[in-house]
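See structure below.
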Amino acid sequence: MYGGGNTFEPIKATGLEMEDPAKLAEFEARIERGEKIEPQDWMPNLYRKQLIRMIEQHAHSEIIGALPEGTWITRAPGFRRKLAQMAKVQDEVGHAQLLYSAAETLGKSREDMITDLINGKSKYSNIFNYPAFTWADSTVISWLVDAGAIVNQIANAKGSYGPYCRALDRICAEESFHLKYGHDAVVHLATGTPIQRKMLQEALNRWWTPLMHFFGPPDKMSVHTEILVKWKVKMATNDECRQQFLDMYVPKIWELGLSLPDPKLHKNAETGEWEYTEPDWEEFKRVINGDGPCNAERLAVRRTAEERGAWVRKALLSPKATYVTPLA
Ligand code: BYC
């Protein structure tokens with residue numbers, strides 16, 4: 001079982017009662033005033049644990065997320081798209097580096113994080129456990145998965161933990177290029193031949209449920225939202241991010257003459273809220289707990305990368321390692 005298997009169970013022991021009440025009150029007052037918490041500052045153990053969990057999962061999502069798109073570098077249509085795809089994948093791996101560094105400031109080593117990933121102990125985003133069969137799948141990831149990520153990350157970049165917020169600021173700047181790249185590639189297919197349009201529509205149908213899952217379970221089922229919103233780690237709830245995504249992107253999808261595989265999907269004119277068929281949350285639980293179509297394959301790739309890179313890390317960390325310049 002992945003992730004400890006307690007998904008959706010309410011947290012019974014927070015450990016907050018063990019904290020010094022005066023320090024806790026001052027910590028919460030700082031957050032209330034909009035101050036950033038920095039690594040050397042006092043913080044409750046639960047804040048530290050929650051941040052490690054979330055930032056680590058985010059970092060893992062970036063390196064695992066590079067895999068489905070990475071397989072399309074050599075198969076992308078044309079040299080220009082290959083170059084752009086390669087740059088995007090490289091950016092995603094760079095995001096993981098920034099995020100692992102941010103999580104390390106909280107006391108968990110990068111080595112431990114990678115070990116927990118490849119042993120299946122840590123989670124990563126549900127969405128990267130689905131296959132990218134066609135080039136259209138890859139374009140849907142580049143446009144809509146990055147769009148969903150930006151909605152979440154722009155909000156959280158204004159949060160309380162300094163190193164995470166600074167990493168998110170930089171990531172969002174790069175993600176906005178990905179969004180343009182993905183949109184361009186989608187528009188190209190949508191305005192292309194009937195076969196290209198069909199391929200795009202089929203990809204959209206495949207990715208819709210994983211995209212709805214991407215923002216996390218509905219607020220009423222979410223375990224961590226309450227405390228994370230209180231401590232300004234999450235600046236918007238799962239449902240708020242999902243609504244914002246629907247608001248921004250459903251009209252753009254429809255504008256291209258594409259459809260979405262949910263007959264109930266519409267914006268309620270009175271409430272201003274999008275109404276939709278609840279995606280299958282049992283499927284979501286299975287996928288995030290290790291039983292999705294590609295979980296085993298994704299982790300196997302990471303495991304191999306770790307094993308094959310071990311000698312490089314060992315050599316670099318060896319006290320005998322010397323850097324020899326060509327002129328020395
Ligand atoms: N996938 O209480 P909840 C990218 C888990 S990568 C998997 O609502 P929380 C990109 C959750 O962990 C960007 N698991 O949780 C890269 C918890 O389980 P545990 C990815 C999920 O933390 C390459 C349980 O369900 N973005 O953009 O309050 C190429 C209960 O959920 C998911 C981030 O990582 C999920 N989707 O809220 C292209 C953003 N959702 O830990 C693109 C950072 C929930 O108790 N993370 N779970 O075992 C977050 O903002 C929040 O963690 C979430 C979940 C909104 C995802």
Side-chain angles (χ1 to χ4, degrees), residues 1-11 49-70 72 85 88-96 99 102-103 116 120-130 132 138-157 159 164 167-168 171-172 174-175 178-179 181-182 207 209-231 233-242 245 279 281 283-290 292 295 298:
M1 190 59 133
Y2 286 66
N6 65 344
T7 303
F8 304 131
E9 287 294 319
I11 303 176
K49 274 169 64 180
Q50 281 283 8
L51 274 165
I52 291 176
R53 180 189 66 83
M54 208 172 112
I55 303 174
E56 179 181 359
Q57 284 181 11
H58 189 167
H60 295 333
S61 304
E62 300 280 357
I63 48 169
I64 297 282
L67 299 178
E69 288 185 295
W72 279 98
Q85 186 85 353
K88 180 183 189 302
V89 168
Q90 183 178 308
D91 283 353
E92 306 297 1
V93 177
H95 297 169
L99 291 162
D116 285 349
K121 200 171 157 206
S122 294
K123 288 191 170 67
Y124 56 88
S125 183
N126 69 297
I127 204 144
F128 302 118
N129 291 307
Y130 292 87
S138 182
T139 66
V140 169
I141 299 176
S142 299
W143 185 32
L144 294 177
V145 178
D146 282 73
I150 291 179
V151 164
N152 167 300
Q153 288 163 195
I154 284 194
N156 292 345
Y164 188 39
L168 288 180
I171 291 171
C172 285
E174 292 185 357
E175 295 286 19
H178 301 171
L179 190 67
Y181 161 68
W207 288 87
T209 297
L211 267 167
M212 292 294 279
H213 287 156
F214 180 74
F215 301 92
D219 292 351
K220 59 179 188 291
M221 287 159 71
S222 168
V223 186
H224 305 294
T225 296
E226 194 183 337
I227 192 74
L228 291 179
V229 168
K230 181 177 178 202
W231 283 341
V233 174
K234 277 170 86 162
M235 299 300 281
T237 70
N238 301 356
D239 285 334
E240 285 165 354
C241 285
R242 198 167 7 249
F245 170 79
W281 291 107
E283 173 184 333
F284 171 77
K285 281 193 213 176
R286 277 197 308 277
V287 171
I288 67 170
N289 284 311
N295 297 61
R298 301 280 183 253

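Any value given below was found using the heavy atoms of this structure, including those in side chains, with hydrogens, waters and symmetry copies removed. Atoms within each ligand, like the ligands themselves, are counted from 1 in listed order.
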Exercise. Could you name the option among N156, D146, L211 that has the heavy atom nearest to atom 38 (C) of ligand 1?
Key: D146
Quiz item: Which atoms of ligand 1 are found less than 4.0 Å from any heavy atom of F214?
Solution: 36 (N)
Quiz item: Does a salt bridge link K88 with E92, judged by any charged N lying under 4.0 Å from a carboxylate O?
Solution: yes
Exercise. Quick one: look at K123 and ligand 1, take heavy-atom pairs under 4.0 Å, and tell me if it's side chain, backbone, both or neither.
Key: side chain
Exercise. Would you mind telling me if ligand 1 is within reach of the side chain of F284, the backbone, both or neither, using heavy atoms under 4.0 Å?
Key: side chain
Quiz item: Should the ring pair H58 and Y164 be called parallel, tilted or perpendicular, given that the plane angle runs from 0 to 90° and is split at 30 and 60?
Solution: perpendicular
Exercise. Out of K285, H224, M235, Q50, indicate the one that has the non-hydrogen atom closest to atom 15 (O) of ligand 1.
Key: H224
Quiz item: Given that the side chain starts at C-beta and the backbone is N, CA, C, O, which of these parts of H95 lies under 4.0 Å from ligand 1, counting heavy atoms, or is it both or neither?
Solution: neither
Quiz item: Which of the atoms of ligand 1 are close to S61, meaning less than 4.0 Å from one of its heavy atoms?
Solution: 6 (S), 16 (C), 20 (C)
Self-check item: Side-chain donor-acceptor contact under 3.5 Å, H60 with Q57
Solution: no
Quiz prompt | Straight-line distance of L211 CG to N126 CG, nearest 0.5 Å | solution = 8.5 Å
Exercise. Heavy-atom contacts with S125 under 4.0 Å: which atoms of ligand 1 show up? List them by number with element.
Key: 1 (N), 7 (C)
Quiz item: So which bit of F215 gets within less than 4.0 Å of ligand 1, heavy atoms only: side chain, backbone, both or neither?
Solution: backbone
Practice problem: Give yes if a backbone or side-chain nitrogen or oxygen of E69 is under 3.5 Å from a nitrogen or oxygen of ligand 1, and no if not. | Solution: no
Quiz item: Should you measure from each heavy atom of N238, which atoms of ligand 1 turn up under 4.0 Å away?
Solution: 8 (O), 37 (O), 55 (C)
Quiz item: Considering only heavy atoms of A149, which atoms of ligand 1 have at least one such atom less than 4.0 Å away?
Solution: 27 (O)
Exercise. Can you measure from SG (C172) to NE2 (H95) and round to the nearest 0.5 angstrom?
Key: 8.5 Å
Quiz item: What is the minimum heavy-atom distance between I63 and A96, and which atoms define it?
Solution: CG2-CB, 3.5 Å
Self-check item: Contact atoms of ligand 1, heavy-atom distance to G216 under 4.0 Å
Solution: 40 (N), 44 (C)
Quiz item: Would you say ligand 1 has an N or O under 3.5 Å from any N or O of V223?
Solution: yes
Quiz prompt | Side chains of W231 and L51 in contact at under 4.5 Å (non-hydrogen atoms) | solution = no
Exercise. Kindly indicate, with the supporting measurements, whether the criterion side chain to side chain donor-acceptor pair (under 3.5 Å) is fulfilled by E283 and T209.
Key: CA-CA 9 Å; E283 173 184 333; T209 297; 5.6 Å; no
Self-check item: Per-atom contacts, ligand 1 versus N126 - under 4.0 Å to a heavy atom
Solution: 1 (N), 7 (C), 35 (C), 36 (N)
Practice problem: Decide yes or no on side chain to side chain contact (heavy atoms under 4.5 Å, CB included) for V145 and F214, but give the supporting numbers first. | Solution: CA-CA 8 Å; V145 178; F214 180 74; 4.1 Å; yes
Self-check item: Nitrogen or oxygen atoms of E62 and ligand 1 under 3.5 Å apart
Solution: no
Practice problem: Using the side chain to side chain contact (heavy atoms under 4.5 Å, CB included) rule, take H213 and I127 through it: C-alpha gap first, then chi angles, then the decisive distance, then the call. | Solution: CA-CA 8 Å; H213 287 156; I127 204 144; over 6 Å; no
Exercise. Pull out every atom of ligand 1 sitting under 4.0 Å from any heavy atom of L228, numbered as shown with elements.
Key: 28 (O)
Self-check item: Close approach of Q153 to ligand 1, heavy atoms, under 4.0 angstrom
Solution: yes
Quiz prompt | Contact summary for N156 and K234, nearest pair of heavy atoms | solution = OD1-CA, 3.4 Å
Quiz item: Does D91 have any salt bridge (Lys or Arg N to Asp or Glu O under 4.0 Å) partners at least two apart in sequence or in another chain, and if so, which?
Solution: none
Quiz item: So is R53 polar-close to ligand 1, meaning N/O to N/O under 3.5 Å?
Solution: yes
Quiz item: What do you reckon, does K88 put a non-hydrogen atom under 4.0 Å from ligand 1?
Solution: yes
